[in-house]
S.K.: 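Below: one structure in structure tokens.
Every heavy atom of this structure was used, including side-chain atoms; hydrogens, water molecules and symmetry mates were not. Chain identifiers are assigned alphabetically (A, B, ...) following the order of the sequence lines, protein sequences preceding nucleic acid strands; residue numbering begins at 1 within each chain.
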Amino acid sequence: MDLLLDFIIVGLSIGIVYGLVALGISLIFSGLDIVHFAHGEVYMIGAFLGIAIVSISGVPYFGALVGAMIVTGAVGVVIERVFYRRLTRGGGGYTVAGMGMIICGFGMSVALQNVAYLIWGAAPHPYPVSFGMPIFLGNIALPKSYLYILVSALVLMAVLHTFLTRTKLGLAVRAVAYNKDTSYLMGVNVPAMISLIFGVACAMAAVAGVLIGPINYVQIEMGYLMLLKAFAAAVVGGFGSLPGALLGGVVVGLFETLCAGYLIASYKDIYAFLLLITVLMVRPTGLLGIIVKVKA
Amino acid sequence: MNAVRKKEWLCPRNVVAGLAAGAMLAVAGAASAGVIKIGASLRMKTETGEKYGQMVVDELSAINAAGGVNGHTIEIKLLNDECKSDIGVANATKYAYQDNVHLFVGSTCSSVSLPIVDVIHKAGVPMLIPHSTNYKITLKGSPWVFRVPISSRFSAAAAAKYTAENIGTKIAYIWASDAASQADAQKFYEYIRNFHGEGPLYAEQFQEGELDLRPHLLKIKALQPEALMISAQSQDFARGLVQSYEVGIPPSVKRIGGSAASNRPAPILAGDAIKGVFFHAAFSYVDPDPNAQAFVKMTTERYGVPTPDHDFSQAWDLVQIAKRALERANLTLSDDSLAADRAAIRDALATIQGYKTLGGGVVDFCADATPECRDGNKTPVLIEYTKGGEDYELRVIGKTTFGADFGLDGMQEEAAALRKSLDN
């Protein structure tokens, strides 16, 4: 029983991180109708920025978290405004311009990785924070970093939910995500909303990067595997669904950890993608997705 | 039809072009006479890698500055293989067939050196290995391969012997998918099984760069081992160590590393989690031997590295061995003598005997294309971390020297299979 609880704690901690990156991917998909293939690198840049901020004397871990969110969000807005805007004007989704966006995303991924290499080098960087020894509940070890992950994710989800459902700006974002042309006609500043969506999505990736930092290390190649897992999470949860992204992350994290725990641990990554394939076969819309043949 | 083709070939424009091309080739050939070409392919992903790569270049340049080798100058080319086998093979192929090097130096990683052996064997280029430890490299039986570092059949056995005699035999193992880490763990648990009759409590492989090793570690925690071996490159090793404490494996369970645990990033990344961890290596910067301390002084002053690891020391040893062999080799260094020069360097390397490394081991090579002759150093050093972080500290636990044939019992079948693949 203790072992099962241990696996659940570990699965939740990594699943929430997958979910946060998947949340950004889903946000961008809902706003721009594109799959952002550079999102793993945005997550990596966010983690590096977190290290840079936490290294400034006196800045606490949560200060670094907020700082990395703000700066990465701003970087996201710049990326969208400078590079993606021209392509999104031509449309997204299953259009030629949409394909251009995907290719541009791949290019951006390589570009961001090289920018990070030039600034921080190829060596992995340890996170300069220490949470001390885990809290022991009987035989169960509960590292404090996991608690930070859980609390941060819950707070962020609550803030994002409130923003999207209780504010005028959130309403405008949802309107743009649903139909850009109608939003234009209703007086919504669509380009500004798209920039906002991109910025928020990148900020979410930064949070994931800063939260994973103390468990792992920060290095320029960290985004690739995370992106794949986050895609799995987004698809399992329902592509484009924000609660679905976080739920998908938790499901993927728990599933792969439990399978690794009770089956062969060496195949941990395979379990996540087996789940992805199964969900696509049985319920292609994902857990919380809805069947939409052509987006409005 | 053929006559017409012949006529076209002999047109004045083609004749002039042919003469020009011939002249250019002649000039290129003349320029390479008297030059010993060495191609090196190393892992230079990090600042540490770049620095020992630079040290190799500097040491060889110093030989030129002192008059060269028997009047010949050395031309060194250095490429980064990033510890990726495809890049390493491309580098080796380029050196062997395009640059026509006389000696190949590389690679740092066993996963890269293993496929390179096939390339250099077919091309007939002597290969001097600075860091790769996987026992299969020399078991392949290529007459062109010479290894300066300690084969995993010696080093893992030394660590296993120490563990069995001082800690216990209930050991859990996890290892990364790279060739060096696999071999370290395999040779470790084979020793415990063969000499102490205890199989591994837990033995699983994980992918290099795996983010989350906690499912493995939780299972290991439940099995209550006496020791945990994490055999992986420095980054994965450090991650495993940190996560082993996160999941609550108690400090009383001794943590053990493979040869890559000696690499400088490991203690920096692992921080306090590395304290008490021991591993096997070829060199320790705390060795009081005057030669070792003179080397530490040199790396501190020249490269700003006060705590050089065995990647540094073995790269330096390699240059000294290469210099001795080149001095002994009867080289013509003309356009037609490439194959003969390569063979001469190979034969000269095979005469290296009694070279004392910075770590205290002795490198002996001989002519047979067997691991007994080509695994030069047989003296692993056991080292323990007493402090982690940027200013990490070590202590030497001990050294032991093995017989040349140690660990080869029962490996005839594997050796035959490897030789067969080499000849295909």
S.K.: If you count the non-hydrogen atoms of other residues, nucleotides and ligands that lie under 6.0 Å from OH in A/Tyr267, is the total more than 12?
M.R.: no

S.K.: When B/Leu218 is tested against each of A/Ile9, A/Leu4, A/Leu3 for side chain to side chain contact (heavy atoms under 4.5 Å, CB included), which residue passes?
M.R.: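 That would be A/Leu3; it is the only one of A/Ile9, A/Leu4, A/Leu3 passing the side chain to side chain contact (heavy atoms under 4.5 Å, CB included) with B/Leu218.
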
S.K.: For the residue pair B/Glu246 and A/Tyr146, establish whether any side-chain heavy-atom pair is separated by less than 4.5 Å.
M.R.: yes

S.K.: Measure the spacing between CD of B/Gln243 and CG of A/Asn216 and express it to the nearest 0.5 Å.
M.R.: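 Here the interatomic distance stands at 6.5 Å.
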
S.K.: Between A/Gly11, A/Ser13, A/Gly261, which residue shows the highest count of heavy-atom pairs closer than 4.5 Å to chain B?
M.R.: A/Gly261

S.K.: Can you name the residues that form a side-chain contact (heavy atoms from CB on, under 4.5 Å) with A/Leu147, not counting sequence neighbours?
M.R.: A/Ile135, A/Leu142

S.K.: Is A/Pro128 in contact with chain B via its backbone, its side chain, both, or neither, using a 4.5 Å heavy-atom distance?
M.R.: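 Answer is neither: A/Pro128 stays 4.5 Å or more from chain B.
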
S.K.: Listed by residue number, which members of residues 113-124 of chain A have a heavy atom under 4.5 Å from any heavy atom of chain B?
M.R.: A/Tyr117, A/Ala122, A/Ala123, A/Pro124

S.K.: Write down the atom of B/Lys221, the atom of A/Ile140, and the distance for their closest heavy-atom approach.
M.R.: NZ-CA, 4.4 Å

S.K.: Check whether A/Tyr127 gets within reach of chain B through its side chain, its backbone, both or neither, counting any heavy atom under 4.5 Å.
M.R.: neither

S.K.: Can you pull out every side-chain hydrogen bond (donor to acceptor under 3.5 Å, both in side chains) where at least one residue sits in residues 268-279 of chain B? Sequence neighbours excluded, please.
M.R.: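 Output for this query is empty, none listed.
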
S.K.: Under 6.0 Å from the CD atom of B/Gln224, do we count more than 12 heavy atoms belonging to anything else shown?
M.R.: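 No, the 6.0 Å shell around CD holds no more than 12 heavy atoms from other groups.
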
S.K.: What are the two closest heavy atoms between A/Met226 and B/Leu211, and how far apart are they?
M.R.: CE-CD2, 3.9 Å

S.K.: On a heavy-atom basis, which atom in A/Ala260 and which in B/Pro215 lie closest, and how many Å separate them?
M.R.: CB-CB, 3.6 Å

S.K.: Ignoring hydrogens and geometry, is there a side-chain-to-backbone donor-acceptor pair from A/Ser266 to B/Glu204 under 3.5 Å?
M.R.: no

S.K.: Under 4.5 Å from any heavy atom of chain A, what part of B/Gln235 do you find: side chain, backbone, both or neither?
M.R.: both

S.K.: Can you tell me if A/Phe62 has over 12 outside heavy atoms packed within less than 6.0 Å of its CZ?
M.R.: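 Yes, enclosed.
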
S.K.: Between A/Tyr217 and B/Leu269, which heavy-atom pair has the shortest distance, and what is it?
M.R.: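 Minimum heavy-atom contact is CE2-O, 3.4 Å.
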
S.K.: Do B/Arg214 and A/Asp6 come within less than 4.5 Å of each other through their side chains, counting heavy atoms only?
M.R.: no

S.K.: Looking at B/Lys219 and A/Phe7, what are the two nearest heavy atoms and their distance?
M.R.: CG-CZ, 3.8 Å

S.K.: Counting only non-hydrogen atoms closer than 4.5 Å, can you tell me which residues of residues 37-46 of chain A sit against chain B?
M.R.: none

S.K.: Any chance you could measure B/Gln207, atom CD, to A/Lys268, atom NZ, to the nearest 0.5 Å?
M.R.: 11.0 Å

S.K.: Is B/Glu50 close to chain A through its backbone or its side chain, or both, or neither, when contacts mean heavy atoms under 4.5 Å?
M.R.: side chain

S.K.: Name the region of A/Glu221, side chain, backbone, both or neither, that has any atom closer than 4.5 Å to a heavy atom of chain B.
M.R.: side chain

